[in-house]
Undergrad: 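Quick one: this structure, given as structure tokens, is what I'll be asking you about.
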Amino acid sequence: MSPIWRDTLVAILAGGKSRRFGKPKLQARIEARTFLERSLDLASALSSSSCVVVATGAALPVADAPVLEDLYQDIGPLAGIVTALRASRLPYVCTLPCDMPLLSAAVFETLYAKRVPGQPVVARSPKGLEPLIAIWPAAAAPVVEGCIRRRRLNIRAPLRELGAVVVDLEREMDGYRPELMTNINYPEDLKRLRDTRTMWEGDHHADTE
């Protein structure tokens, strides 16, 4: 494990409406631990500073980190990103989507090692760009807000404007495994993850609740 980051805020993105999943994803569980608890554990392994970003008006979760409400409503993940960028007192913000429960510290350490001043660093997997797995310069907030004002709400828009560094995890990361990029959108996705007993950071098995 690399030293704990001192220059980066880890922002757990938990602001999705979870319409397809049917309940807030941060409450879903693997091995008796919620997605939020897993995300908080990972955030604390990476950095001395973290926060949880939720949708405006959402029930605020109990978390061992500050909980922030989106500054903008109904615009998708860019709201969570710009909220974290605006809140950060550190030069970088790492975004950690809470609905990808198999993410490991090594994923983010690979991105951290590729930082370039003034540019975001974003992951790419064999499935394509993974725009929620990224490290942003906090100074990028005005660019992101400019995209929001122009209704360019796809995360790729500010990434392009800022000349994001794209990191091919399969090629660049030691020990990369495809299951690290597992995204939970539907209850069936979580059931499949449990049924196949997908590994997460070692010999941990999905719970059977």
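Just the heavy atoms: all of them, side chains too, but no hydrogens, waters or symmetry mates, feed the values below. Just so you know, these numbers come straight off a predicted model, no measurement behind them.
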Undergrad: Looking at side-chain heavy atoms only, is the closest gap between Trp5 and Ile135 below 4.5 Å?
TA: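 They are in side-chain contact.
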
Undergrad: Kindly say whether Gly57 contributes a backbone atom to a donor-acceptor pair with the side chain of Glu69 at under 3.5 angstrom?
TA: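 Flag set: sc Glu69 to bb Gly57 pair under 3.5 Å.
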
Undergrad: How close do Pro158 and Leu78 get, counting heavy atoms only, and between which atoms?
TA: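 Reported closest heavy-atom pair: CG-CD2, 3.9 Å.
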
Undergrad: What closest approach, in Å, do Ala79 and Tyr72 show between heavy atoms, and which atom pair accounts for it?
TA: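 In this case the closest contact between Ala79 and Tyr72 is CB-O, 3.4 Å.
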
Undergrad: Drop me the distance from Met100's CE to Phe35's CZ, to the nearest 0.5 angstrom.
TA: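 Interatomic distance, Met100 CE to Phe35 CZ, rounded to 0.5 Å: 11.0 Å.
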
Undergrad: Once rounded to the nearest 0.5 Å, what's the spacing between atom CG of Leu111 and atom CD of Glu109?
TA: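 Those atoms lie 10.0 Å apart.
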
Undergrad: Checking Val52 against Leu36 for the side chain to side chain contact (heavy atoms under 4.5 Å, CB included) test, could you report, in this order, the C-alpha distance in whole Å, the side-chain angles of both residues, the deciding distance, and whether it holds?
TA: CA-CA 9 Å; Val52 182; Leu36 178 58; 4.0 Å; yes

Undergrad: Any side-chain heavy atom of Cys51 sitting closer than 4.5 Å to one from Ile12?
TA: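 They are not in contact (no side-chain heavy atoms under 4.5 Å apart), so the answer is no.
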
Undergrad: I need the minimum non-hydrogen distance between Pro120 and Leu159, along with the two atoms involved.
TA: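 Closest approach of Pro120 to Leu159: CB-CD2, 3.8 Å.
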
Undergrad: So do the side chains of Trp136 and Val122 get within less than 4.5 Å of each other, counting heavy atoms only?
TA: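 Sidechains of Val122 and Trp136: no contact.
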
Undergrad: So, taking the atom named CE in Met173 and the one named CZ in Phe108, what distance separates them when rounded to the nearest 0.5 Å?
TA: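 Rounded to the nearest 0.5 Å, the CE-CZ separation comes out at 10.0 Å.
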
Undergrad: Take Leu96 and Leu42 through the side chain to side chain contact (heavy atoms under 4.5 Å, CB included) test and state the conclusion after the steps.
TA: CA-CA 9 Å; Leu96 193 171; Leu42 178 52; 3.8 Å; yes

Undergrad: Would you check if the side chain of Thr34 reaches a backbone N or O of Ala28 as a donor-acceptor pair within less than 3.5 Å?
TA: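 Answer holds: no.
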
Undergrad: Using only atom types and a distance under 3.5 Å, with no angle test, would you say the side chain of Ser88 pairs donor to acceptor with the backbone of Leu85?
TA: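 Such a contact is absent between Ser88 side chain and Leu85 backbone.
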
Undergrad: Would you say the side-chain atoms of Thr83 pair up with the backbone N or O of Leu71, donor to acceptor, closer than 3.5 Å?
TA: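 A pair under 3.5 Å: yes.
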
Undergrad: For the backbone of Tyr112 and the side chain of Arg115, can you confirm whether one donor and one acceptor N or O come within less than 3.5 Å of each other?
TA: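 Yes.
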
Undergrad: Tell me, do Thr56 and Asp70 make a side-chain contact under 4.5 Å, heavy atoms counted?
TA: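 In contact.
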
Undergrad: Could you grab the distance from atom CZ of Arg33 to atom OG of Ser39, nearest 0.5 Å is fine?
TA: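 Reported value, rounded in 0.5 Å steps: 10.5 Å.
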
Undergrad: Apply salt bridge (charged side-chain N to carboxylate O under 4.0 Å, His left out) to residues Lys127 and Glu179 and explain how you reach the verdict.
TA: CA-CA 11 Å; Lys127 296 186 296 184; Glu179 60 264 28; over 6 Å; no

Undergrad: Could you tell me whether a side-chain N or O of Asp168 sits under 3.5 Å from a main-chain N or O of Arg171, the two making a donor and an acceptor?
TA: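 Checked: pair present.
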
Undergrad: Quick one: closest heavy-atom pair of Ala45 and Ile4, and the distance?
TA: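 Here Ala45 and Ile4 meet closest at O-CD1, 3.1 Å.
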
Undergrad: Report the C-alpha distance between Cys94 and Leu9 in whole Å, list the side-chain angles of each, state the deciding distance to 0.1 Å, and finish with yes or no for side chain to side chain contact (heavy atoms under 4.5 Å, CB included).
TA: CA-CA 6 Å; Cys94 171; Leu9 171 70; over 6 Å; no

Undergrad: Distance check, rounded to the nearest 0.5 Å: Leu180 atom CG versus Ser104 atom OG?
TA: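 Answer for the CG-OG pair, Leu180 versus Ser104, is 5.0 Å.
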
Undergrad: Check whether the side chains of Ser125 and Glu130 place a donor and an acceptor atom closer than 3.5 Å, and report yes or no.
TA: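 Their side chains do contain a donor-acceptor pair, which is all the 3.5 Å distance test asks for.
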
Undergrad: Would you confirm whether Ser44, through its side chain, and Asp41, through its main-chain N or O, come within 3.5 Å as a donor-acceptor pair?
TA: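 A pair under 3.5 Å: yes.
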
Undergrad: Can you tell if the side chain of Tyr176 reaches within under 4.5 Å of the side chain of Pro126, non-hydrogen atoms only?
TA: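 The answer is yes; the side chains approach within 4.5 Å.
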
Undergrad: Would you find a donor on one side and an acceptor on the other, under 3.5 Å apart, between the side chain of Arg86 and the backbone of Val82?
TA: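 Flag not set: sc Arg86 to bb Val82 has no pair under 3.5 Å.
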
Undergrad: Rounded to the nearest 0.5 Å, how far apart are CG of Asp99 and CG of Leu132?
TA: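 Answer for the CG-CG pair, Asp99 versus Leu132, is 7.5 Å.
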
Undergrad: Would Arg152 and Glu145 pass as an ion pair if we require N to O under 4.0 Å?
TA: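 Salt bridge flag = no for Glu145 with Arg152.
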
Undergrad: Report, as yes or no, whether the 6.0 Å neighbourhood of atom CZ on Arg89 holds more than 12 heavy atoms from other residues, nucleotides or ligands.
TA: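 Open.
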
Undergrad: Working note: Leu103 + Ile133, criterion side chain to side chain contact (heavy atoms under 4.5 Å, CB included); need CA distance, chi angles, decisive distance, verdict.
TA: CA-CA 9 Å; Leu103 286 170; Ile133 304 172; 3.7 Å; yes

Undergrad: Would you say that Val67 contacts Pro61 through its side chain, given a criterion of any heavy-atom pair below 4.5 Å between the two side chains?
TA: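 Val67 reaches Pro61 side chain to side chain.
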
Undergrad: Using only atom types and a distance under 3.5 Å, with no angle test, would you say the side chain of Gln119 pairs donor to acceptor with the backbone of Gly163?
TA: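 The answer is yes, because a donor-acceptor pair under 3.5 Å joins these two groups.
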
Undergrad: Are more than 12 heavy atoms, taken from residues, nucleotides or ligands other than Asp7, located less than 6.0 Å from that residue's CG atom?
TA: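 Correct, the count exceeds 12.
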
Undergrad: Using the side-chain contact (heavy atoms from CB on, under 4.5 Å) definition, which of the options Arg177, Arg124, Met181 pairs with Leu169?
TA: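 For Leu169, the side-chain contact (heavy atoms from CB on, under 4.5 Å) test succeeds with only one of Arg177, Arg124, Met181, which is Met181.
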
Undergrad: Output yes when a side-chain donor or acceptor of Ser50 lies under 3.5 Å from a complementary backbone atom of Val10, and no otherwise.
TA: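 Judged by distance alone, no pair lies under 3.5 Å.
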
Undergrad: Heavy atoms only: give me the nearest Ile184-Thr182 pair and the separation to one decimal.
TA: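 In terms of heavy atoms, the two residues are closest at CD1-CG2, 4.1 Å.
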
